[in-house]
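What follows is a single structure, written as structure tokens, with notes after it.
By convention in this document, chain letters (A, B, ...) are assigned in the order of the sequence lines, proteins followed by strands, and residues within each chain are numbered from 1. Everything numeric here is computed off the predicted structure, so don't read it as measured data.
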Amino acid sequence: MSGLKVFNTLTSKKEDFVPLQAGKVNLYSCGPTVYDLSHLGHARKEINFDVIQRYIRFSGYNLTYVRNITDIDDKIINRAREVDERTEKLARRFTFTFWKDMDALNVAPPDIEPRATEFIKPMMAFVEDLIKKGHAYASGGDVYFDVLSFKDYGKLRKQSIEDLLHGARDQVRSQTELKEIKKNPVDFALWKSAPTTEMGWESPWGWGRPGWHLECSTMIKHALGTTIDIHGGGEDLIFPHHENEIAQSEALHDQPLAKYWLHNSFVQVDAEKMSKSLGNFQTIQSVLASYSPDTVRLFVLQTHYRSPIEFSGESVEAAKAGTARLLRAARYAKDDEAHSSVLKNGKAHKYLSADHPCLTSLRDNEQGGDVIRKLHADFVEAMDNDFNTPQAISALFAVADLIFSSKDENLAAIYAAGLKAYAGVLGLTLTDTGKIIDSQTGAQLVERLLDLRDAARANKDYKQSDQIRDTLQALGIKVMDVKGGRAQWEKD
RNA sequence: GGCGGCAUAGCCAAGCGGUAAGGCAGUGGUUUGCAAAACCUCCAUUCCCCAGUUCAAAUCUGGGUGCCGCCUCCA
């Protein structure tokens, strides 16, 4: 159906993308744990997978995208205790800010967005089934997955159980209390007992909470089935999170959990991972205070999703300047009826496939069609190659060059429509943010106009000064002179 | 200690066997009342180092050096 190739963490190879069912793709990516504001690193992951889902749809597949929200977890409970807030309320609060951040970044919402707390019963059933099958055991109110019972353990990160035991020895030794109740140091919790004073649920093993890895396995099973096409997340989730998901799901179903595993790399600061613990993070909100969503997107997408991004003031400024150039080129587009739906594509909730009439008409256009066809070919070649967004973006800049150097306005308009449409597949809106001014700047502009008016009045040039007042009045700003002083003004 | 990854111009960053994309910054021009924007021009004989394979290597192999990630929560 398409020539898409993806790099599969499971095989460490770039493979032809062939969905399990022709024309249909199930995608799952691990969403946030809602205990704090999201930072640029989280934004990167969501933008990368947003582009992946947009491009898969663009390629003509019928995609179902599922992304979970982890709304019960030790981190949430600890944070709630710190700030003296109900656990559920804290989780809800940060779920909301996550949604706001994603909307601001033009990250389209997933088709299904399950929350862990909605899946407690199915998770318990999942654990019971694993116990029945001999892959898990209850111990001291906890339930652990018996890693030795699953022969493929370690296949995602490519490390044998022996290696893991050997390598992990130092860490595990310190957990003396766990040593008592776990059969094997590498066994991981499916269900964790908790004091009844803490948030939890009554289970066959007593009061407690589900282990983190369990929710994804359970949600995938219920939302998408036993085997999905693509499972993704940040590369730090490869081990143990995704390895453990594989163990749980495949031990229970005897079917592969996912055909392709995709992992994005990190945002770095001074060559170090941006993270909460290092304190070198920028929240999405703080970045968006200074930079437009398109700038953040271009910044993220100018690096391939599997390579680390070096964040610095200089590198973001470069993205800002690049975005400005694309924006100026996009201004050449005519906002007519025929293109309006293409242009809206940049905004979330609407997706275009490559054969949508809006795009085919651009490509088939006698005038300028050759350029759009070239853009299409370059764009698809880049994106088919494991979502090579940096290369796809260079194709966008090539069109921008043609727009600026074109002497023909109609031709430039067609190129610009193409530019906006294909940029939209990357989630770039190319919205003309350069013409949106904030209220503070607006107030200053009024003051400067009044300066000019004062100057005119001082020269007794009342024609000019009245004209300024009338102009402001027409814009809904009332000017009231004050005897011997500066005029007052207010919005009508 | 175990496992994995990365080193490409001032900065960011593609390319992964066929002779160095793109963005930003910078250079010299054109345009402009002056700017900005735009246009034209220039800007890595070379891809961390050393060997090797090959007609051909930034790309493959071996050995160094440096950096990072995971193994504990992590996008």
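Between the CG atom of Asn264(A) and the P atom of rC70(B) there is a distance of 13 Å, given to the nearest Å. Distance Gln159(A) CD to rG69(B) P: 17 Å, rounded to the nearest Å. When rounded to the nearest whole Å, the span between OH of Tyr291(A) and C1' of rC12(B) equals 13 Å. Between the P atom of rA75(B) and the OH atom of Tyr28(A) lies a distance of 13 Å, rounded to the nearest Å. Rounded to whole angstrom, the span from the CG atom of Leu10(A) across to the C1' atom of rC3(B) amounts to 16 Å. The CG-C1' distance, from Asn280(A) to rG69(B), rounds to 14 Å in whole Å. Nucleotide rC73(B) holds its C1' atom 13 Å from the CG atom of Asp36(A), rounded to whole Å. Computed from coordinates, the Asp50(A) CG to rA75(B) P distance equals 18 Å when rounded to whole Å.
Of the candidate nucleotides rA13(B), rA25(B), rC3(B), rA13(B) has the atom nearest to the side chain of Glu310(A). Taking every side-chain heavy atom of Ser394(A) into account, rA21(B) is the closest of rA21(B), rC70(B), rC11(B). Distance from the side chain of Thr303(A) is smallest to rA13(B) among rG23(B), rA13(B), rC71(B). In the set rC73(B), rA13(B), rG2(B), the nucleotide with an atom closest to the side chain of Trp212(A) is rC73(B). When distances run from any side-chain atom of Glu314(A) to the nucleotides rG10(B), rA75(B), rC70(B), the shortest one goes to rG10(B).
At the heavy-atom level, Leu298(A) lies nowhere under 4.0 Å from the strands shown. The residue Val316(A) sits apart from the nucleic acid: no heavy atom pair falls under 4.0 Å. Across all strands shown, Pro308(A) has heavy atoms under 4.0 Å from sugar-phosphate atoms exclusively, and none from any base.
The 5' end of RNA chain B is approached more closely, in terms of each residue's nearest nucleotide, by Ala319(A) than by the other of Ser277(A) and Ala319(A).
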Point to revise | Test log, rule ring-ring contact (aromatic ring centres under 6.0 Å, His included), inputs Tyr351(A) and Phe58(A) | key: CA-CA 7 Å; Tyr351(A) 307 102; Phe58(A) 175 83; over 10 Å; no

Practice item. Carefully, step by step, assess Phe150(A) and Tyr153(A) under the rule ring-ring contact (aromatic ring centres under 6.0 Å, His included). Key: CA-CA 6 Å; Phe150(A) 181 66; Tyr153(A) 196 78; 7.0 Å; no

Exercise for review: Could you please spell out the steps behind the side chain to side chain donor-acceptor pair (under 3.5 Å) verdict for Trp212(A) and Glu245(A)?
Suggested key: CA-CA 10 Å; Trp212(A) 174 41; Glu245(A) 279 184 48; over 6 Å; no

Look for any protein N or O under 3.5 Å of an N or O in nucleotides 33-40 of chain B and output each such pair with its distance, or none.
| unit_1 | atom_1 | unit_2 | atom_2 | d |
| --- | --- | --- | --- | --- |
| rA37(B) | O3' | Arg328(A) | NH1 | 3.1 |
| rA38(B) | OP1 | Arg325(A) | NH1 | 3.1 |
| rA38(B) | OP1 | Arg328(A) | NH1 | 3.2 |
| rC39(B) | OP1 | Arg325(A) | NH2 | 3.1 |
| rC39(B) | OP2 | Arg325(A) | NH1 | 3.4 |

Check the interface with nucleotides 15-18 of chain B: list each N/O to N/O pair with the protein under 3.5 Å, or write none.
| unit_1 | atom_1 | unit_2 | atom_2 | d |
| --- | --- | --- | --- | --- |
| rG15(B) | OP1 | Asn388(A) | ND2 | 3.0 |

Check the interface with nucleotides 66-68 of chain B: list each N/O to N/O pair with the protein under 3.5 Å, or write none.
| unit_1 | atom_1 | unit_2 | atom_2 | d |
| --- | --- | --- | --- | --- |
| rC68(B) | O2' | Gln268(A) | NE2 | 3.4 |

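Of all the residues in residues 229-238 of chain A, Gly233(A), Gly234(A), Asp236(A), Leu237(A) reach under 4.0 Å from RNA chain B with at least one non-hydrogen atom. Listed by residue number, the members of residues 87-100 of chain A with any heavy atom below 4.0 angstrom from RNA chain B form an empty set.
Between the side chains of Tyr332(A) and Glu409(A), no donor-acceptor pair of N or O atoms lies under 3.5 Å.
Ring geometry for His263(A) against Trp261(A) counts as parallel: the plane angle stays under 30°, on a 0 to 90° scale with 60° as the upper cut.
A close approach under 4.0 Å does not occur between any side-chain nitrogen or oxygen of Ser38(A) and OP1 or OP2 of rA75(B).
Tested against Asp386(A) for a salt bridge (Lys or Arg N to Asp or Glu O under 4.0 Å), the candidates Lys14(A), Lys5(A), Arg306(A) yield a single pass: Arg306(A).
Evaluation of the ring pair (Phe, Tyr, Trp, His ring centres under 6.0 Å) rule for Tyr28(A) yields His231(A) as partners, not counting sequence neighbours.
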